[in-house]
Amino acid sequence: MQDTERNEQELHRLEKLSLLRSAGVDPYPVSFDKTHDAAEILEKFSDSEADKFSSVTLAGRIMGIRRMGKATFCHIQDATGRIQIYLKKDDLGEWYEHQQQFDIGDIIGTSGYVFRTRMGEITLHATSLVLLAKSVTPIPVVKEELDESGNVIRHDAFADKEQRYRKRYLDLIVNPHIKQTFILRSRVISEMRRFFDARGWLEVETPILQPLYGGATARPFVTHHNALGVDLYLRIADELYLKRLIVGGFEGVYEISKNFRNEGMDKTHNPEFTSMEIYVAYKDYLWMMDMLEELISTIVTTLFASNTVAHQGTDISFARPFPRKKMSELFVEYTGTEVIGKSKEELIAIARATKVDVETSWSAMKLLDEIFSVKVQPNLIQPTFVIDYPVEMSPLAKKHRSSPELVERFELFINGKEIANAFSELNDPIDQRSRLEEQSAIRAAGDDEAMVVDEDFLHAIEVGMPPTAGLGIGIDRLVMLLTNCDSIRDVLFFPQMKPERL
RNA sequence: GAUCUCGUAGCUCAGCUGGUAGAGCAUGUGACUUUUAAUCACAGGGUCCAGGGUUCGAGUCCCUGCGAGAUCACCA
């Protein structure tokens, strides 16, 4: 950026930077040894044992400065929180002069002893001070105060969602409370890994760039490999590769992966999102339901020390067992009619009778899906397994052991949202081929979300896959649920945004 | 993709029926050695998202575009 494009405040900061340099101060030293964190001092300091903190070294970003002539108070923020620093001219000598050039946003290091001010705030009395990084552009100024009951009141909060998402680093600095969401996200994933690893299942990595995409019904992103001269697709699901690994002899594999779908964006959809898929040999969907129940309730109780989580005003209970309801029963319960096995025309009539908006051009599968998502899904607030789906809706699931028009599939719904999807995997190669060919026909008829035939995948299934249970979990949605967020953008550090034209 | 709302100083926001652009914080100068949304005095800071139109005159009214948020539709 040219200096002529800089605003007044930036020019002031650049001038201070050069003043500091000419006074012999290195504004960007290479490292700094800190001994404590802010939170540690605020938690452990006591007036009777002040000598425990008679020599501490802290580092952090200046978030506020109050200069009072020959004494200055500032708050610095480190990864753990904010703490006040007391700077006194008599104690700091030339560095007291240097700090006149410090601004909100600068990163400093300081040593001294901890005391409590007349106003009662635990504070570091600095006996030495250094600059660790000069900030040359202003950050949003957010002032905080505490009300009588100790709640934080923020003034002039940095609240513009667009700017917060585009400049997440600023959001994290001035709204540090949002870090909790991301820390919890990370812990959800760690707990999941710990759970799977403890059972001996192997974390694996499969291709993101794929010559053919599959494993879900969705539109893909297309990219191009120059050396090979071929188009490649960004994966929409892990499923087909993970099953190849089960064919190859692994008996439990999982992958936590970014998937990419070239579709609309809204509160619950980002073009890239994180899912976890796991496949375990010799198991079926009933076993998988037990496993998932245990997984989710383990994560919740580990992270919250409780099996209840508050989400957008509703308490969600993760106490086992979660109810298991057949899809057909739910249809009867919420629409008053049996819908499984009905013809397209009958389904349209049922939809109209129950005030569900549908189009006559839709397939039976899409009609069922629509009626389900309008009439049934919003009622599934507490964790509920929906089991036994119509075969047309699930081209990769095994036919039900007792009803050939159904498949052995379940989805876990919480707060009206699908959190997980699983089935007894289809390992009959003849059936699998005919199901993919049906998809291919639907695709040829104009549905560009239908699956394509992957001959290599079919070959793998022909080689022989053991009976296998597979599960996918939408990590972003699970995290939204557990962090009380109603937008996927709040659980992604860098949500996809339209390019900003300046 | 459709509808509604929004875009003004570094940040948060005012700006009425169209008449020379406002506040608080932040910034600069000065005072102040336990302050805390520090205080007090003075000062500087704007392509009012972009481009057209109506008008003597547009931040304001109209149109188009860009970006965002909310709601709806589709997908996880």
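A, B, ... follow the sequence lines: proteins, then strands. Residue 1 opens every chain.
Side-chain proximity of A:Asn7 to the nucleotides B:G10, B:G28, B:U35 is greatest for B:G10.
With rounding to whole Å, A:Glu8 atom CD is found 11 Å from B:U29 atom P. Taking atom CD of A:Gln163 as the reference point, atom P of B:A68 lies 11 Å away to the nearest angstrom. Taking atom CD of residue A:Gln99 and atom C1' of nucleotide B:U33, one finds them 12 Å apart after rounding to whole Å. Rounded to a whole Å, the CD atom of A:Gln496 is 22 Å from the P atom of B:C75. The CD-P distance, from A:Gln377 to B:C75, rounds to 10 Å in whole Å. Counting to the nearest Å, the C1' atom of B:A26 and the NZ atom of A:Lys16 are 11 Å from each other. As rounded to whole Å, 14 Å separates atom P of B:A37 from atom CD1 of A:Ile104. In this structure, the CG atom of A:Asp90 is 14 Å from the P atom of B:C32, given to the nearest Å.
Look at the C1' atom in both B:G45 and B:G18: the space between them is 27 Å, to the nearest Å. Between B:A38 and B:C49, the two C1' atoms lie 37 Å apart (nearest whole Å). B:U54 sits 37 Å from B:G44 when the C1' atoms are compared, rounded to a whole Å. Using atom C1' as the reference point in both B:G7 and B:G51, the two lie 16 Å apart (nearest Å).
A donor-acceptor contact under 3.5 angstrom links the side-chain atoms of A:Gln84 to the base of B:U35. Put simply, the side chain of A:Glu144 and the base of B:A37 share no donor and acceptor less than 3.5 Å apart. Side-chain N/O atoms of A:Thr72 and base N/O atoms of B:U35 include no donor-acceptor pair closer than 3.5 Å. A donor N or O paired with an acceptor N or O is not found under 3.5 Å between the base of B:C11 and the side-chain atoms of A:Asp160. Not a single donor-acceptor contact under 3.5 angstrom links the side-chain atoms of A:His155 to the base of B:C25.
Mapping A:Met497 and A:Glu272 onto RNA chain B by nearest heavy atom places A:Met497 closer to the 5' end of the strand. Mapping A:Lys267 and A:Lys89 onto RNA chain B by nearest heavy atom places A:Lys89 at the nucleotide closer to the 5' end.
Using a 30° and 60° split on the angle between ring planes, A:Phe45 and A:Phe53 fall in the tilted class, from 30° to 60°.
Using a 4.0 Å cut-off, no side-chain N or O of A:Lys143 falls inside it from OP1 or OP2 of B:G24. Residue A:Arg118 places at least one side-chain N or O under 4.0 Å from the OP1 or OP2 atom of B:U35. Side-chain nitrogen and oxygen atoms of A:Arg66 include at least one within less than 4.0 Å of the OP1 or OP2 phosphate oxygen of B:A38. When the side-chain nitrogen and oxygen atoms of A:Arg166 are compared with OP1 and OP2 of B:A68, one or more of them lie within a distance under 4.0 Å.
Across all strands shown, B:A23 forms a Watson-Crick or G-U wobble pair with B:U12, both key distances being under 3.5 Å. The partner of B:U35 is absent, by the rule that a Watson-Crick or G-U pair needs both atom distances under 3.5 Å. The partner of B:A70 is B:U3, by the rule that a Watson-Crick or G-U pair needs both atom distances under 3.5 Å.
A:Arg67 comes within contact range of at least one nucleobase, with a heavy-atom separation under 4.0 Å.
A:Tyr233 OH: 12 or fewer foreign heavy atoms inside a 6.0 Å radius.
Looking at A:His125 and A:Tyr113, their side chains do bring a donor and an acceptor atom within 3.5 Å of each other.
Looking at A:Arg443 and A:Glu438, no side-chain N of the basic residue comes within less than 4.0 Å of a carboxylate O on the acidic one, giving no salt bridge.
A:Tyr389 carries A:Arg409 over the face of its six-membered ring, with the cationic atom under 6.0 Å from the centre and within 45° of the normal.
Identified under the ring pair (Phe, Tyr, Trp, His ring centres under 6.0 Å) test for residues 150-178 of chain A, with sequence neighbours left out: none.
Using a 4.5 Å heavy-atom cutoff, the side chains of A:Met480 and A:Asp486 are not in contact.
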